[in-house]
**Student:** 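Provided herewith is a single structure, encoded as structure tokens, for subsequent inquiry.
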Amino acid sequence: MHGKLTLVHSYDIIMSNQIKLVIWDLDDTFWSGTLAEGTAVINDAHVALVTHLNSIGVINTICSKNDAHAVDRFLKDNGLSDLFVFSVVSYDNKSKGISHILDSLGLRPQNAVFIDDNFHNREEVLFNIPEIDVQDVDFISALSLTDRIKPGKSRIDQYRQVAARAKAQTGKSSNIEFLRSSNIVVEILPPTDVDRIEEMVSRTNQLNFTKNRHTRLALQTQISDPNNECGVIRVHDRFGDYGIVGYYCLNRTRNSVTHFLFFLPHPWPWC
């Protein structure tokens with residue numbers, strides 16, 4: 001049973017969950033004014049903030065009660081379409097749209113912030129998704145300063161590829177048909193990028209046959225050993241290049257496997 005709702009999260013809870021996703025309302029939040037009334041004005045500071053967040057690995061999306069075609073046209077006319085991925089623009093309850101966004105991106109509510117000027121929208125979302133951090137527009141000015149954001153590698157291009165794949169998949173009668181139309185190419189290449197190999201060896205658990213952990217120096221030694229056959233797996237399709245996603249090291253003398261793994265970077269397009 002739900003008790004009285006509150007928008008104030010404890011400091012410890014907020015600090016323990018890194019922000020990986022910012023979900024924006026539009027009217028009187030991302031931009032000033034109301035699009036349907038013809039009073040929407042782009043806020044340049046908010047555009048700069050979203051651009052900055054995208055560059056440091058924080059994904060931005062939209063959940064707005066609006067006309068989807070009007071929003072799409074307005075964003076395109078102002079050169080802003082590429083700022084957001086997996087946006088939901090409809091007149092449904094916002095918790096439904098946010099749940100869809102989180103599922104599409106494979107992220108936990110604890111790693112998301114929803115910003116909306118409307119109190120009732122915030123309360124509705126918090127009631128149905130109590131783990132999410134819900135904020136009003138006053139939070140925007142402090143967003144880039146919060147300790148919950150840990151700068152990292154931009155993933156916006158990866159998410160655009162996933163969004164493009166999701167859109168293309170809509171018209172296919174089966175997943176097999178879609179995969180065949182994706183023109184997936186798998187290559188086995190020499191293991192020249194030791195830094196990438198070390199990353200995969202140290203971070204991969206689920207699809208790691210041996211779970212052997214080795215340092216960069218040890219990996220270089222294994223690769224240069226003439227008794228070992230080593231290689232990396234690179235994948236690309238018509239939507240983009242996913243880079244090196246697998247590694248193997250086979251000792252031919254002992255006929256044993258030292259490493260056999262696939263590192264599935266998030267977001268992984270075929271899951």
Side-chain angles (χ1 to χ4, degrees), residues 18-21 53-59 85-86 103-108 111 149-169 172 174-271:
Q18 180 181 348
I19 295 175
K20 299 180 180 179
L21 172 68
L53 292 173
N54 282 335
S55 72
I56 61 172
V58 178
I59 300 302
V85 293
F86 283 105
D103 289 343
S104 298
L105 296 173
L107 294 176
R108 302 183 310 147
N111 295 122
I149 291 179
K150 307 298 182 185
K153 180 181 178 181
S154 176
R155 294 178 175 174
I156 187 67
D157 289 337
Q158 287 177 275
Y159 281 105
R160 286 178 187 142
Q161 291 170 4
V162 175
R165 290 177 61 87
K167 184 177 181 180
Q169 190 171 7
K172 300 299 180 181
S174 71
N175 194 50
I176 296 298
E177 179 189 356
F178 169 67
L179 291 175
R180 285 174 176 164
S181 72
S182 297
N183 301 327
I184 300 169
V185 176
V186 179
E187 299 178 275
I188 299 177
L189 302 171
T192 57
D193 190 345
V194 183
D195 289 335
R196 175 61 172 167
I197 294 171
E198 182 188 23
E199 178 187 22
M200 294 190 295
V201 166
S202 62
R203 294 179 57 185
T204 305
N205 292 303
Q206 186 175 5
L207 296 180
N208 189 333
F209 180 72
T210 65
K211 292 186 174 61
N212 291 328
R213 311 298 185 188
H214 290 113
T215 65
R216 189 180 192 281
L217 180 59
L219 290 168
Q220 286 179 315
T221 301
Q222 292 168 8
I223 292 169
S224 61
D225 188 335
N227 293 315
N228 290 332
E229 177 185 338
C230 304
V232 296
I233 293 88
R234 176 174 172 263
V235 179
H236 61 92
D237 62 16
R238 67 185 176 95
F239 301 100
D241 188 343
Y242 306 100
I244 296 172
V245 300
Y247 172 65
Y248 71 89
C249 178
L250 170 66
N251 186 284
R252 290 174 295 196
T253 303
R254 300 192 303 269
N255 195 29
S256 63
V257 175
T258 306
H259 291 288
F260 182 60
L261 60 89
F262 289 91
F263 180 68
L264 305 188
H266 186 76
W268 185 244
W270 305 302
C271 294

**Student:** Does anything in residues 180-200 pair up under ring-ring contact (aromatic ring centres under 6.0 Å, His included), and if so which pairs, sequence neighbours excluded?
**Tutor:**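 Matches after skipping sequence neighbours: none remain.
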**Student:** For a 4.5 angstrom cut-off between non-hydrogen side-chain atoms, does Asn208 reach Arg213?
**Tutor:** yes
**Student:** Can you label the angle between the His259 ring and the Tyr247 ring as parallel, tilted or perpendicular, going by 30° and 60°?
**Tutor:** tilted
**Student:** Return the minimal non-hydrogen interatomic distance between Ile244 and Met200, and the atom names on each side.
**Tutor:** CG2-CE, 3.7 Å
**Student:** Looking at Ile233 and Tyr248, what are the two nearest heavy atoms and their distance?
**Tutor:**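 Scanning both residues completely, I find the closest heavy atoms to be CD1-CD2, 4.2 Å.
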**Student:** Closest approach of Pro191 and Val232, non-hydrogen atoms and distance?
**Tutor:** CA-CG1, 4.0 Å
**Student:** Sort out for me which residue in Thr258, Val201, Leu261 forms a side chain to side chain contact (heavy atoms under 4.5 Å, CB included) with Cys249.
**Tutor:** Thr258
**Student:** What are the two closest heavy atoms between Val58 and Ile19, and how far apart are they?
**Tutor:** CG2-O, 3.8 Å
**Student:** Please list, chain by chain and in numerical order, all residues satisfying salt bridge (Lys or Arg N to Asp or Glu O under 4.0 Å) with Arg216, sequence neighbours excluded.
**Tutor:**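 So Arg216 forms a salt bridge (Lys or Arg N to Asp or Glu O under 4.0 Å) with Asp195.
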**Student:** Return yes when atom CG of Asn227 has more than 12 non-hydrogen atoms of other residues, nucleotides or ligands closer than 6.0 Å, and no otherwise.
**Tutor:** yes
**Student:** What is the distance from atom CG of Asp193 to atom CD of Glu198, rounded to the nearest 0.5 Å?
**Tutor:**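 Nearest 0.5 Å value for the CG-CD distance: 10.5 Å.
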**Student:** Enter the distance from Leu53:CG to Leu21:CG here, rounded to the nearest 0.5 Å.
**Tutor:** 10.5 Å
**Student:** If you measure from SG on Cys230 to CD1 on Ile188, what distance do you get to the nearest 0.5 Å?
**Tutor:** 12.5 Å
**Student:** Identify the heavy atoms of Lys20 and Leu107 that sit nearest to each other, and give their distance.
**Tutor:**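 In terms of heavy atoms, the two residues are closest at CD-CD2, 4.3 Å.
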**Student:** Is there side-chain contact between Ile223 and Gln220, with heavy atoms separated by less than 4.5 Å?
**Tutor:** no
**Student:** Determine the minimum heavy-atom distance between Thr204 and Phe262, stating which atoms define it.
**Tutor:** CG2-O, 3.2 Å
**Student:** Output the distance between atom CD (Gln206) and atom NZ (Lys211), rounded to the nearest 0.5 Å.
**Tutor:**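 Nearest 0.5 Å value for the CD-NZ distance: 8.5 Å.
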**Student:** For Glu187, check salt bridge (Lys or Arg N to Asp or Glu O under 4.0 Å) against everything at least two apart and list the hits.
**Tutor:**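 For Glu187, the residues satisfying salt bridge (Lys or Arg N to Asp or Glu O under 4.0 Å) (neighbours in sequence not counted) are Arg234.
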